[in-house]
Amino acid sequence: MTLAMLQTPPQSETPLQSVDRYFASIGWKPFRFQRSVWRAYAGGSSGLVHSATGTGKTLAVWMGPILKWIKENPDRSKWNPKRPPPVRVLWITPLRALAGDTEASLRAPIEGLGLPWLLESRTGDSKASAKARQNKRLPTALVTTPESLSLMLTHERLLDQLRGLEAVIVDEWHELLGTKRGIQTELGLARLRKLNPQLRTWGVSATLGNLDDARESLVGVDPVGDVRVIQGYTKKRLKLESLIPANMERFPWTGHIGTKMVPQVAELIAKVKSVLVFANTRSQTEIWYQHLLKQRPDWAGEIALHHGSLDTSVRRWVENGLRDGSLRAVVCTSSLDLGVDFTAVDLVIQIGSPKGAARLLQRAGRSGHQPDAESRLAFVPTNAIELIELAAAQDAIRKGHLEARPLLRKPLDVLAQHVVTIAIGGGFTADELLQELRTTYAYQSLSDPEWQWVLDFVVRGGSSLEAYPDFHRVNVHSGRYIVEDRRRITAHRMNIGTIVSDASMKVKFLKGKTLGTAEEHFLSKLNPGDRFLFAGRLVSLVRVRDNVAYVRRATGEPDSVPRWMGGRMPLSSELSAELRLKIEQAAAGKFVGREMKALRRLFEIQSRWSVLPRSDQFLIERIETRGGHQLFLFPFEGRLVHEGLSALLAYRISRFQKTTFTMACNDYGIVLQSPHRVDIDDAIARKIFSADDLVNDILNSMNSTEMAKRQFRQIARVAGLIQQGFPGRGKSTSHIQASSNLFYDVFSQYDPDNLLLEQSRREVLELQLESSRMFDALDRIERSEIVVTEPPKVTPLSFSLLVDKLRDRVSSETLADRIRRLQSQLEKEADKED
DNA sequence: TATTCCCCGCCAGGGT
C-alpha cells in the first residue's frame, strides 16, 4: 500500500472522487455495473448482484456503504481512527475460512481511504474475549457467518446495537440458497429488519437459474424501497477444453477414476505455474495425488491434497501454498469451490463428470480470478461416455441454462430452533413474532395452526413429551415467551446451526499429529495392520481407542482407500436435458466439437447394435446374459431419480408379472435384472410409466420408513430434540441415531400428527428422491415414443450399468424368494448330474 | 475394458 493511499482524502474531494482515486491506486477503473450498485445503494435500494466469480462484485457492494458514510461525514478533519463509528454494516459469509479473507479484502479500501472504521470478524474461531468485547460494542463493520448471526441474536444486549445497522450484505448467497442454512439466514435477516425497518439488504451471488427466487428470499416479502438485480461484469472470458484420450479406441467405456489420463494431465500441469485439480470424491483425490506423484516423483512437495476430511492445519497450509504460489498443483474436492482468492491459479482441471453446468462454471472461475483474466478449465474424462457431459455442459453454459436452486418450503425444525433463539434473545409475544416470520419468503405462508404447533413444541414438547421437563424449553409469562434457565440457554447456543455431521473418527499418528477424520463406517471394517491411503500418505491402522484411530506410516500397496459416505451428487436436470440433446444430435449424424467427434465411433457402435434415442424417444434395451434377463432403461435423469424410478418400476411390474428384480443405476440409466423374461410390451400397456399415484407407489416400493428415520435424525437435531454436545466433541452418531429413532417411534405411536414426522417424510420425497423430477421424467417418458431394442451385445450405454450391477447389488426380492430360487437352481444342477 | 460419491457451522458476563 502506498503512502498516498494511507492519507485521508483531501477535503475538496467528492466521495465519488475519493473512491475513484482509491480504485486508480489499485490499478482499476470501476466497471459500469459497480457504479450502478453505488447509485442503487445511494438511492436507498436493496439488491442482488450476480456474475461469474472473480469479477469485482465484493468491492462493488462494499463501496456502497463507504460512499454513503463519506458523504454523511464530509468534515474529514473529524475522522478519528481512535473513535470508530458504531456498527453500520454486517457482512455474512458462508465460510469460516472466508471470513478472514473477506475481512482482508474489505479492509483494503478502508485503509486506502483513511476511514476511521473498525472492521472485525466473528465466527466460531473467534476468541471468547473478542466476542465479549464485541457484545459490549460492535465494530463499524462485522464479518460473520449465518450461525454466528443466530448466536448474536441470543444476546439481548446486542440487539440495541444492531438497531443502528444500515446494511446487511450476504456474500455467496447462491451457496446458501435452497438450504437450511439459507433459511436460517432468512430468519436472521427478518429479525435485523425488525430491529431497523430501514435496513438495506444486499446479496452477492454467482449466476444461477432462479434469480427471482434468490432475490425474493433475500429481501423478504415486503422490502422497504425498491429491489435491484444487477448483473455484474459480463465479459469474463472462459476457455473450456477436453483432454481427449490419446487412444480413444482403447479408452474404457466405464469406470470413474480415470488414471489412464495421468500422463496427459501431468503434461498439462507441467506447462503452467499453478493448477487446481478438482475431483468429485475424496478417495479420488487421494488416488490421483498418488498417481501424479508416481508419474512425477520430482514434484514431491510441490503438489498437495485438499479435502474436507483433512485436518484444518493441513488445509490452511495448502491454501497458503496456493496463495503464495509455492504449490504447483492441488488435488481437491469441492472444498476449494469457494473462498480463498487464489489469484495465482492459472488453470483448473476437472476430473470426471462435472454433474452440473453451474458447478463447472464456478470451478472454472477459480482460475484467472481477476476481472480481466481468462478462466481456463480442462476437462478430463474418466470414461468415454463422460465426454458427452462436457459437450452438453458447454451448450448449457452458452445458452445460459444454469441450474436452479429450488427453495425449501417452511421447514419447521429450523423455525423451532429460531423461535428458541429469539426467546433467549429478549423474548417475544406470539403475534408479534408471527408477523415478523411471515415477512420471510420461506415462512410467508406459515399457517396459524402450524405456528401454534411450533409454539406448543418449544413450550411443552408437543403432546407426547409433556411429561419430560427437558423439552419444556421456553416459558410463557403473561403472553411473553422467554427462556430463563441458564443451562438451557448455554445448551441451545452450543447447538445452533443446521449442519448435521456424519459419524467420523479422528485419524492420528501414534506420535500425536492429527491427519484428519474418516468415517466410523470405513474404519470399523479395518483390522489392525490394514494399509490405506489417507491425507496423501500410505498408513496402517494400529488401533482404535476413545474414538481415535491411531496409524503409522506403511510401505507397499494400499489394501483400501477410505470411502467416505456423503451426499450423492446426481447429474443436474439442466445438464441431463442438454445431454439428451447431444445424443439426439449424434443420432442425426451431427458431431460438432472435439468431444463429439471423439465419440463418433462409440455412437456408431451404439446405433449399429441398438439405437441412439432422439429426445422424443425413450430407449429400452433388452439383453440376455448368464446372469439372467436384463432390461436397460435410459431416462438420463441423474442417479437419485433413477434410484427411485428403478424401485418404482420393479414394484409396478411385479404387481402383475411374478418375478423378482436385481437393480442398479447410474446417472444415465437403470438396469433391471430378473430370472424370468419380462413382457415389457405388456408392462408398458399397463402404464408402468404413469405418473398417476406416483407418491403412493414410491412409498410402497421402498423402505421409506427407514429413509424417513434417517432423515428424521437431522430434523431432530436441528429442532433441538437431540443435543450433540460441545462443538467438535460430538456424541457418536450411532448414539444420536438411536435417540432419534426413539423420538421417531414415540411420535409415530403417540403423536402421529407431529409436524416434524410429516416434514421428514416430505424431505425424503423431495430431497432424497427428487420426486418432482421423477414426476417430470415419467411425464416425459409417457409422451415419448418408447423404443425397445434387443442388441446382440452389451452396448456402450448399457455397459457401465452392467458393471455397476455386479458391484452394487440392490435386490427387490425377499430373502425367502432368493433362497427358493437358489434352491431350484441347485436342484437343476443336481438333475444334470443324474 | 477397475476402483465413486461434495461441502459448510457451532459456548462462555464477572472479578481484578
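Quick note on labels: first sequence line is chain A, next is B, and so on, each numbered from 1.
Nearest nucleotide to the A:A132 side chain, out of B:dT3, B:dG13, B:dC6: B:dG13. Here B:dC10 is the nucleotide among B:dG13, B:dC10, B:dT1 with the atom lying nearest to any side-chain atom of A:E147. Distances were taken from every side-chain heavy atom of A:I499 (C-beta onward) to each of B:dT4, B:dC7, B:dG9; the shortest belongs to B:dG9. Of the listed nucleotides (B:dT1, B:dG13, B:dC7), B:dC7 has the atom at the smallest distance from the side chain of A:H307. Considering only side-chain atoms of A:R493, the nucleotide from B:dC5, B:dA12, B:dC10 that sits closest is B:dA12. Proximity note for A:M569 (side chain, C-beta onward) versus B:dC6, B:dC7, B:dG14: the nearest is B:dC6.
Contacts of A:L176 with the nucleic acid, taken as non-hydrogen atoms under 4.0 Å apart, are absent. A:N383 comes within 4.0 angstrom of nothing in the nucleic acid, heavy atoms only.
Residue A:D337 contributes atom CG, which lies 10 Å from atom P of B:dC8 at whole-angstrom precision. Here the P atom of nucleotide B:dG14 and the NZ atom of A:K136 are 11 Å apart, to the nearest Å. Atom C1' of nucleotide B:dA12 and atom CG of A:D125 are separated by 16 Å, given to the nearest angstrom. The distance between atom CG of A:L95 and atom C1' of B:dG9, rounded to the nearest whole Å, is 9 Å. The CG-P distance, from A:D667 to B:dC6, rounds to 14 Å in whole Å. B:dT4 atom P lies 14 Å from atom CD of A:E643, rounded to whole Å. Between A:I351 atom CD1 and B:dC5 atom P the separation is 15 Å, expressed in whole Å. Distance A:Q290 CD to B:dA2 C1': 18 Å, rounded to the nearest Å.
In this structure B:dG9 sits in the anti conformation; its chi angle is more than 90° from 0.
Between B:dG9 and A:S148, no contact under 4.0 Å exists linking OP1 or OP2 to a side-chain N or O. Using a 4.0 Å cut-off, no side-chain N or O of A:S309 falls inside it from OP1 or OP2 of B:dC6. A close approach under 4.0 Å does occur between a side-chain nitrogen or oxygen of A:R282 and OP1 or OP2 of B:dC6. Residue A:R359 has no polar side-chain atom (N or O) positioned under 4.0 Å from OP1 or OP2 of B:dC7. Within the structure, every side-chain polar atom (N or O) of A:R486 is placed at least 4.0 Å from both OP1 and OP2 of B:dA12. Here A:T145 reaches the OP1 or OP2 of B:dC10: one of its side-chain N or O atoms lies under 4.0 Å away. Residue A:R181 places no side-chain N or O under 4.0 Å from the OP1 or OP2 atom of B:dC8. Between A:H155 and B:dA12 there is a side-chain N or O to OP1 or OP2 distance below 4.0 Å. At B:dG9, none of the side-chain N or O atoms of A:T123 fall inside 4.0 Å of OP1 or OP2 (strictly under the cut-off). Note on A:R639: every side-chain N or O is 4.0 Å or more away from OP1 and OP2 of B:dC5. Proximity of A:R96 to the phosphate of B:dC10: a side-chain N or O atom is located under 4.0 Å from OP1 or OP2. Under 4.0 angstrom from either OP1 or OP2 of B:dC8 there lies at least one side-chain N or O belonging to A:R315.
Mapped onto DNA chain B by nearest heavy atom, A:T490 and A:H306 fall at different nucleotides, with A:H306 at the one closer to the 5' end. Residue order along DNA chain B, read from the 5' end via each residue's closest nucleotide, puts A:K355 first among A:K355 and A:I496.
Taking each heavy atom of A:H642 and A:D667 in turn, the nearest pair found is CE1-O, 3.2 Å. Closest of all the heavy-atom pairs between A:N280 and A:M569 is O-CE, 3.5 Å.
No option in A:E172, A:E175, A:E147, A:E186 other than A:E147 meets the salt bridge (Lys or Arg N to Asp or Glu O under 4.0 Å) test with A:R181.
Ring geometry for A:F636 versus A:Y668: interplanar angle of 30 to 60°, hence tilted.
Remark: the A:S334 side chain and the B:dC6 base include a donor-acceptor N/O pair separated by less than 3.5 Å.
To the nearest 0.5 Å, atom OG1 of residue A:T421 and atom CG of residue A:L151 are 7.5 Å apart. The CG atom of A:L310 sits 6.0 Å away from atom CG of A:L305, with the distance rounded to the nearest 0.5 Å.
Between A:D171 and A:I92, every side-chain heavy-atom pair lies at or beyond the 4.5 Å cut-off.
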